[in-house]
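Here's the structure, in structure tokens; my notes come after.
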Protein chains: 2
Amino acid sequence: MAKGAEIDDLDKQILSILMRNAKKPYTDIAKQLFVSGGTIHVRMKKMEDAGIVKGYHLAVDHERLGYDISAFLGIYLDKSSLYEDVAGELEKIPEVVAAHYTTGLYSIFATIICRDTTHLREVLHDKIQKISGIQRTETFISLQESINRPINIVEKEA
Amino acid sequence: MAKGAEIDDLDKQILSILMRNAKKPYTDIAKQLFVSGGTIHVRMKKMEDAGIVKGYHLAVDHERLGYDISAFLGIYLDKSSLYEDVAGELEKIPEVVAAHYTTGLYSIFATIICRDTTHLREVLHDKIQKISGIQRTETFISLQESINRPINIVEKEA
DNA sequence: GTTGAAAAATTCCGCCG
DNA sequence: CGGCGGAATTTTTCAAC
């Protein structure tokens with residue numbers, strides 16, 4: 001898992017294509033990169049085994065599924081040593097979809113997705129604020145998502 | 001596109017499975033949910049056409065690809081009416097992978113991914129700070145990603 | 001929503017440079 | 001060893017019911 005897998009340019013090209021459209025058939029990618037389908041398969045298997053590819057996810061329109069509000073949370077801890085405990089508690093809350101331990105003003109930065117303002121208030125007041133170790137939080141509600149895309153890992157693309 | 005697509009429980013179950021593993025064959029999902037493979041296909045086509053499914057993405061380990069630093073940026077604007085202009089400029093910067101227009105302290109909340117501290121400084125100083133309309137920014141560097149998962153859209157799962 | 005068959009993709013094998 | 005090509009298996013896709 002923690003192997004020193006060497007990633008060459010072909011690997012990066014493959015990842016770059018799949019990061020934008022993970023459903024693209026290996027045979028198509030093979031044609032695009034002028035190699036055989038089998039090669040794409042071998043390279044992907046290698047990268048999956050090495051843990052470089054962590055998964056395949058579906059991007060969905062949360063609003064259309066009845067989850068109208070996404071919000072960012074800056075969390076202040078009583079002591080930063082409480083990070084592990086608080087992260088463990090956050091993980092138990094399904095509405096928390098992301099959490100990072102950060103430098104700067106806040107100790108933890110989290111993203112939550114809720115159905116509506118009532119649901120958001122419930123999560124903040126009844127779940128987040130109840131976690132011991134959290135001093136206070138600042139909430140930033142997303143009014144509009146302008147950008148959401150993968151990083152560009154290759155110089156030029158086919 | 002903006003059709004009033006009705007999403008029932010079966011649709012949600014399908015999405016829930018694919019959000020966690022978008023590569024799972026429709027035939028497997030069909031067996032799991034006790035319907036035919038054709039039904040999964042029809043439902044997914046409906047949801048793709050309706051724009052509920054926005055894409056298929058590969059989750060990769062950025063650090064293993066040489067992108068060691070991810071950071072969050074709280075952006076203060078001179079005037080919040082400049083949002084569209086600034087968002088357009090941010091979109092031109094490939095290191096910016098996410099941007100949201102938000103309530104609260106900051107006008108824009110962005111996520112950037114960089115190779116190293118030098119690269120991060122370049123992006124912040126030479127690209128972000130040069131955008132007209134941006135008053136100042138606050139940077140939160142992610143030291144550890146604890147949680148990164150899809151929202152749970154169904155009550156119980158098979 | 002289902003079935004079943006055609007088309008396509010994945011996966012795995014031995015072979016070659 | 002890494003890439004290739006083809007064949008067997010599985011999956012996707014699409015018609016009619």
Side-chain angles (χ1 to χ4, degrees), chain A residues 1-61 64-65 150 153-158, chain B residues 1 3-61 64-66 150 153-158:
Chain A
M1 186 92 103
K3 273 289 301 305
E6 307 281 315
I7 302 302
D8 67 14
D9 200 60
L10 178 59
D11 291 322
K12 283 188 189 168
Q13 300 261 8
I14 297 168
L15 288 182
S16 181
I17 292 168
L18 287 173
M19 281 197 286
R20 284 165 180 74
N21 176 15
K23 270 233 149 175
K24 178 166 263 202
Y26 287 180
T27 37
D28 278 14
I29 300 168
K31 262 176 276 184
Q32 193 173 335
L33 299 179
F34 305 104
V35 294
S36 77
T39 298
I40 307 290
H41 183 252
V42 169
R43 298 301 189 104
M44 284 303 292
K45 173 128 186 44
K46 179 189 72 181
M47 292 192 282
E48 284 172 1
D49 290 347
I52 291 162
V53 172
K54 297 196 287 186
Y56 299 83
H57 296 300
L58 205 60
V60 300
D61 187 332
R64 304 284 287 276
L65 288 172
I153 58 168
V154 290
E155 313 313 318
K156 56 174 182 288
E157 242 175 286
Chain B
M1 187 92 100
K3 274 289 302 303
E6 308 281 316
I7 303 301
D8 67 13
D9 200 60
L10 178 59
D11 292 321
K12 284 188 190 170
Q13 299 262 5
I14 296 168
L15 288 181
S16 180
I17 291 167
L18 288 173
M19 281 197 285
R20 283 165 181 76
N21 176 15
K23 270 232 148 174
K24 179 166 262 202
Y26 287 0
T27 39
D28 278 15
I29 300 169
K31 261 175 276 184
Q32 193 173 336
L33 300 179
F34 305 105
V35 294
S36 76
T39 299
I40 308 290
H41 182 254
V42 169
R43 298 301 189 102
M44 283 303 292
K45 174 131 186 43
K46 177 189 72 180
M47 291 192 281
E48 284 172 1
D49 290 347
I52 291 163
V53 171
K54 296 197 287 187
Y56 298 83
H57 295 301
L58 205 60
V60 300
D61 187 330
R64 302 285 288 276
L65 289 172
I153 58 168
V154 289
E155 312 313 319
K156 55 174 180 287
E157 243 175 285

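Since the model is a prediction, treat every value here as computed from it, not as a measurement. Quick note on labels: first sequence line is chain A, next is B, and so on, each numbered from 1.
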*Taking heavy atoms of chain B and a 4.0 Å limit, find me the 5'-most and 3'-most nucleotide of DNA chain C within that range.*
dG1(C) to dT3(C)

*Using the test side chain to side chain donor-acceptor pair (under 3.5 Å), find all partners of T27(B) that sit at least two apart in sequence or belong to another chain.*
none

_Considering only residues two or more places apart or on different chains, which pairs with a residue in residues 22-35 of chain B satisfy salt bridge (Lys or Arg N to Asp or Glu O under 4.0 Å)?_
none

*With sequence neighbours excluded, tell me which residues meet side chain to side chain donor-acceptor pair (under 3.5 Å) with K45(B).*
D49(B)

*For the student: nearest non-hydrogen atoms of R64(B) and A50(A), plus distance*: NH2-O, 2.7 Å

_Tell me the closest heavy-atom pair linking V60(A) and M19(B), and the distance in Å._
CG2-SD, 3.9 Å

*Quick one: stems for DNA chain D, with Watson-Crick or G-U pairs under 3.5 Å, at least three in a row?*
C:1-17 with D:1-17

*Rounded to the nearest 0.5 Å, what separation is found between the OH atom of Y56(A) and the CD atom of E48(A)?*
3.5 Å

*asked:* To the nearest 0.5 Å, what is the distance between CE on M44(A) and CG on L18(A)?
replied: 5.0 Å

*Which letters describe nucleotides 2-17 of chain D, given B = protein heavy atom under 4.0 Å from base, S = only from sugar-phosphate, - = neither?*
-SB------SBSS---

_Those residues that, when tested against K12(A), pass side-chain contact (heavy atoms from CB on, under 4.5 Å) (two or more places apart)_ = I7(A), I153(A), V154(A)

*Test side-chain contact (heavy atoms from CB on, under 4.5 Å) applied to D8(B) - qualifying residues, sequence neighbours left out*: L10(B), D11(B), R43(B)

*Using side-chain contact (heavy atoms from CB on, under 4.5 Å) as the criterion, point out the one residue from I40(A), I14(A), I17(A) that pairs with Q32(A).*
I17(A)

